[in-house]
Amino acid sequence: MPTPRLRFAPSPTGYLHVGGARTALFNWLYARRHGGQFLLRVEDTDKARSTEESTRAIFEGLQWLGLDWDEEVVYQGANVARHRADAERLVADGHAYRCFCTPAEIEERRKHAEATEGAFKYDRRCDRLPADEVARRVAAGVPSVVRFRVPDVQSTGWNDLVHGAISFPHKDIEDFVILRSDGTPIYNLAVTSDDIAMHITLVMRGDDHISNTPKQIMLYRALGADLPQFAHLPMIHGTDGKKLSKRHGATAVADWQHEGILPQTMVNFLALLGWSPGGEFNEVMTIEELVAKFDADGLLKKASVFDTKKLEWMNGQHLGRMPLDELGPLVARKIAADGGATEHELLARPAWFHALLELLRVRSRTVDDIVRQARPYLGATVTYDAQAAAKAWKEPAEARGLVADARVALAACTPWEPAAIEPALKAVAEARGVGTGKLFGPMRVALTGEANSPGMFDVLGILGRDVALARLDAALVELDRRIGAS
RNA sequence: GGCGGUAUCGUCUAGAGGCCUAGGACACAGCCCUCUCAAGGCUGCGACACGGGUUCGAAUCCCGUUACCGCUACCA
């Protein structure tokens with residue numbers, strides 16, 4: 001068996017959508033798993049809607065996900081000459097014929113048919129035109145399209161890799177147009193012609209293409225080409241069960257990238273939408289594990305809903321597992337954009353930065369969560385969250401006493417290390433007759449401005465002696481102000 | 001309307017005739033841990049769309065119904 005060749009064929013009319021990304025991913029996984037090729041074809045024949053930015057956005061999306069493609073990108077628009085030649089060949093071979101009916105006429109007949117008996121189907125009137133009449137009209141320059149002549153009786157079917165046997169009776173398929181009157185190809189022809197030219201062996205795409213498949217199979221046969229295998233993937237829906245669209249919020253992979261979702265999370269999450277390795281398995285997987293496990297048997301038939309809650313959970317899992325060397329630069333870039341520190345400052349003291357990341361990533365679900373939580377550890381001063389202060393400093397005088405005692409005890413800690421700090425603070429709490437929680441609450445707000453943070457000893461360690469003491473002093477000033485104001 | 005596809009907890013899924021009193025994960029609730037928040041651990045809530053068959057036995061096979069989705073263009 002030859003090595004499989006698959007392709008992802010987006011039309012560049014928007015950003016890389018999660019549905020498209022999933023289709024690309026499955027094609028890529030299959031190719032990588034079986035040592036085949038994964039090709040890219042840009043279906044830009046709809047020049048009205050196709051844009052260059054869009055093409056670039058799709059490439060960037062794929063690159064971000066790590067879906068690398070083989071060979072040169074194929075631009076469908078560059079192949080119209082072949083598409084046209086294929087259409088002409090089909091006419092010459094008697095598989096297709098010229099149709100002179102105008103769009104307006106067809107529309108009128110369609111309306112009439114729908115009003116009277118229901119379904120409209122082209123009645124093949126132009127197929128009955130005598131050869132000399134066709135020649136005369138062509139010579140006279142009468143515009144015409146090329147229609148494929150669907151063989152009478154029988155049906156066309158295939159063994160779909162995900163759905164099993166599917167077939168369509170020919171009586172339900174009209175003689176479809178394959179070449180427009182301006183000489184440009186219609187989708188089904190272009191796709192088939194290109195897939196043949198690219199030697200695609202497995203066409204894996206969304207199941208919204210199921211009803212195009214019999215037409216394409218007829219084209220393969222009429223063109224004398226071998227059939228590829230087909231696999232039709234289920235759709236991805238929004239929470240309301242409808243096809244994913246803008247109104248569901250973030251649907252472009254770039255949107256998630258900006259929200260702080262990791263590419264490995266996106267790949268992992270998308271892989272599990274419409275595919276399952278079967279049996280019991282750990283859902284959090286690396287891209288390498290996915291490649292190793294991926295196969296067509298695990299492809300599912302049912303449309304799935306894109307659950308952002310689970311996506312975020314999974315991102316937290318990946319955040320917690322990835323190497324700090326990899327996470328560091330990612331977070332540094334976003335912190336720089338946030339204005340907390342420059343990338344250089346952060347990367348200049350890796351041990352400290354990594355320790356901070358270690359403390360924050362366990363409480364984060366996105367890269368942006370880490371950035372937000374890192375703020376108190378970056379600036380010189382801290383702003384007190386109103387709610388946090390209202391709660392932890394509810395009794396300013398009492399809080400002041402606690403913070404002041406802690407300040408004194410801490411100042412005496414010679415090696416600024418947990419071994420010295422822990423007993424010192426515990427002694428303060430004991431002397432004051434309170435639990436450590438009662439002491440750490442006011443301290444936490446003094447040091448971070450927030451109600452929540454990593455453990456007190458970790459916070460002190462990250463801040464360092466000088467900053468910690470300075471913040472306690474600043475808090476004492478603030479507390480004095482509050483005592484005076486009450 | 002016609003044709004095609006799909007149908008297990010709210011969501012993602014396991015399940016390929018007896019292993020199912022239907023398993024796991026997310027979400028949700030509670031408990032534990034605990035200086036807060038997370039993380040982690042434990043417990044709970046919660047599904048085979050419906051109706052007929054086939055079979056000793058069906059979530060699993062067949063038929064019908066219903067619901068949902070897709071296609072039905074000189075769009076892709």
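The sequence lines fix the lettering, A, B, ..., with proteins before strands; numbering per chain opens at 1.
- Scored by the salt bridge (charged side-chain N to carboxylate O under 4.0 Å, His left out) test, A:Arg137 finds A:Glu133 as partners (sequence neighbours excluded).
- Taking atom P in both B:G15 and B:C20, one finds a spacing of 14 Å when rounded to whole Å.
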Reading nucleotides 61-76 of chain B from 5' to 3' and marking B where a protein heavy atom lies under 4.0 Å of the base, S where only the sugar-phosphate is that close, and - otherwise, the string is --------SSS-SBBB
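- Among residues at least two apart or in separate chains, side chain to side chain donor-acceptor pair (under 3.5 Å) pairs with a member in residues 436-457 of chain A are A:Arg444-A:Ser453.
- By the salt bridge (charged side-chain N to carboxylate O under 4.0 Å, His left out) test, A:Asp207 is found to be paired with no residue, residues two or more places apart in sequence or in another chain being considered.
- Between B:C48 and B:G1, the distance separating the two C1' atoms is 33 Å to the nearest Å.
- For RNA chain B, no neighbouring residue in residues 427-435 of chain A is found when judged by any heavy atom under 4.0 Å.
- In this structure A:Arg372 satisfies the salt bridge (charged side-chain N to carboxylate O under 4.0 Å, His left out) test together with A:Asp369, sequence neighbours excluded.
- Nucleotide B:G70 forms a pair with B:C3, judged by Watson-Crick or G-U wobble geometry with both contacts under 3.5 Å.
- Taking the charged nitrogens against the carboxylate oxygens, A:Lys310 and A:Glu312 have no contact shorter than 4.0 Å, which rules out a salt bridge.
- In this structure, A:Lys302 places its NZ atom 8 Å from C1' of B:U13, rounding to the nearest Å.
- Within 4.0 Å (heavy atoms only), A:Arg365 reaches sugar-phosphate atoms of the nucleic acid but no base atom.
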Between the protein and nucleotides 22-25 of chain B, list every N/O to N/O distance that falls short of 3.5 Å.
| unit_1 | atom_1 | unit_2 | atom_2 | d |
| --- | --- | --- | --- | --- |
| B:A25 | O4' | A:Glu283 | OE1 | 3.3 |
| B:A25 | O2' | A:Glu283 | OE1 | 2.4 |
| B:A25 | N3 | A:Lys310 | NZ | 3.2 |

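- Between A:Lys121 and A:Asp172 no salt bridge is recorded (no basic side-chain N to carboxylate O distance below 4.0 Å).
- Pair check for B:U36 finds none; no Watson-Crick or G-U wobble contact set falls under 3.5 Å.
- When the P atom is used for both B:G10 and B:C28, the distance is 16 Å, rounded to whole Å.
- Looking at heavy-atom distances under 4.0 Å, A:Glu105 makes no contact with the nucleic acid at all.
- For the pair A:Asn282 CG and B:A14 P, the interatomic distance rounds to 16 Å; values are reported in whole Å.
- Residue pairs meeting the ring pair (Phe, Tyr, Trp, His ring centres under 6.0 Å) criterion with at least one member in residues 422-447 of chain A, sequence neighbours excluded, are A:Phe440-A:Phe457.
- Of the residues near RNA chain B, A:Lys301 and A:Lys309, the one whose nearest nucleotide (by heavy atom distance) lies more toward the 5' end is A:Lys301.
- One atom, CG of A:Leu357, and another, C1' of B:A39, lie 16 Å apart when rounded to the nearest Å.
- Distance, A:Arg205 CZ to B:G5 P: 16 Å, rounded to whole Å.
- Cation-pi geometry between A:Arg22 and A:Phe26 is met: under 6.0 angstrom from the ring centre, within 45 degrees of the axis.
- Within 6.0 Å of the NE2 atom in A:His112, the count of heavy atoms belonging to other residues, nucleotides or ligands does not exceed 12.
- As judged by a 4.0 angstrom heavy-atom cut-off over every strand, A:Gly164 is placed among residues making no nucleic acid contact.
- At a threshold of 4.0 angstrom between heavy atoms, the contacts of A:Leu300 are confined to the sugar-phosphate backbone, with no base atom among them.
- Taking atom P on both B:A47 and B:G23, the two are 11 Å apart, rounded to the nearest angstrom.
- A distance of about 38 Å separates the C1' atoms of B:U65 and B:A29, rounded to the whole Å.
- Atom CD of A:Glu108 has 12 or fewer neighbouring heavy atoms from other residues, nucleotides or ligands inside a 6.0 Å radius.
- For the salt bridge (charged side-chain N to carboxylate O under 4.0 Å, His left out) test, no residue two or more places apart in sequence or in another chain qualifies with A:Arg84.
- What separates CZ of A:Arg372 from P of B:A38 is a distance of 15 Å, to the nearest Å.
- Rounded to whole Å, the separation between the P atoms of B:A7 and B:G64 comes to 16 Å.
- As the counterpart of B:A49, B:U65 is assigned, both hydrogen-bonding distances of the Watson-Crick or G-U wobble pattern falling under 3.5 Å.
- Backbone-only contact: A:Ser304 has heavy atoms under 4.0 Å from sugar-phosphate atoms and none from a base.
- The separation between A:His170 atom NE2 and B:C3 atom C1' is 13 Å, rounded to whole Å.
- Sorted by first and then second residue, the side chain to side chain donor-acceptor pair (under 3.5 Å) pairs with a member in residues 142-156 of chain A read A:Arg98-A:Ser144, A:Arg124-A:Asp152, A:Asp127-A:Arg149, A:Thr156-A:His170; sequence neighbours excluded.
- Of the nucleotides present, none pairs with B:C19 by Watson-Crick or G-U wobble criteria with both distances under 3.5 Å.
- One can place CE of A:Met456 at 12 Å from C1' of B:C37, the figure rounded to the nearest angstrom.
- Taking the C1' atom of each, B:A67 and B:U34 are spaced 49 Å apart, rounded to whole Å.
- On the C1' atoms, B:G30 is 39 Å away from B:U66, given to the nearest whole Å.
- Of all nucleotides present, only B:C26 satisfies the Watson-Crick or G-U wobble test against B:G10, with each distance under 3.5 Å.
- B:U36 atom C1' lies 14 Å from atom CG of A:Leu359, rounded to whole Å.
- Counting only residues at least two apart or in different chains, side chain to side chain donor-acceptor pair (under 3.5 Å) contacts with residues 267-280 of chain A comprise A:Asn268-A:His318.
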With a 3.5 Å cut-off and sequence neighbours excluded, list the donor-acceptor pairs that the side chains of residues 384-392 of chain A form with protein atoms.
| unit_1 | atom_1 | unit_2 | atom_2 | d |
| --- | --- | --- | --- | --- |
| A:Asp385 | OD2 | A:Gln387 | N | 3.3 |
| A:Asp385 | OD2 | A:Ala388 | N | 2.9 |

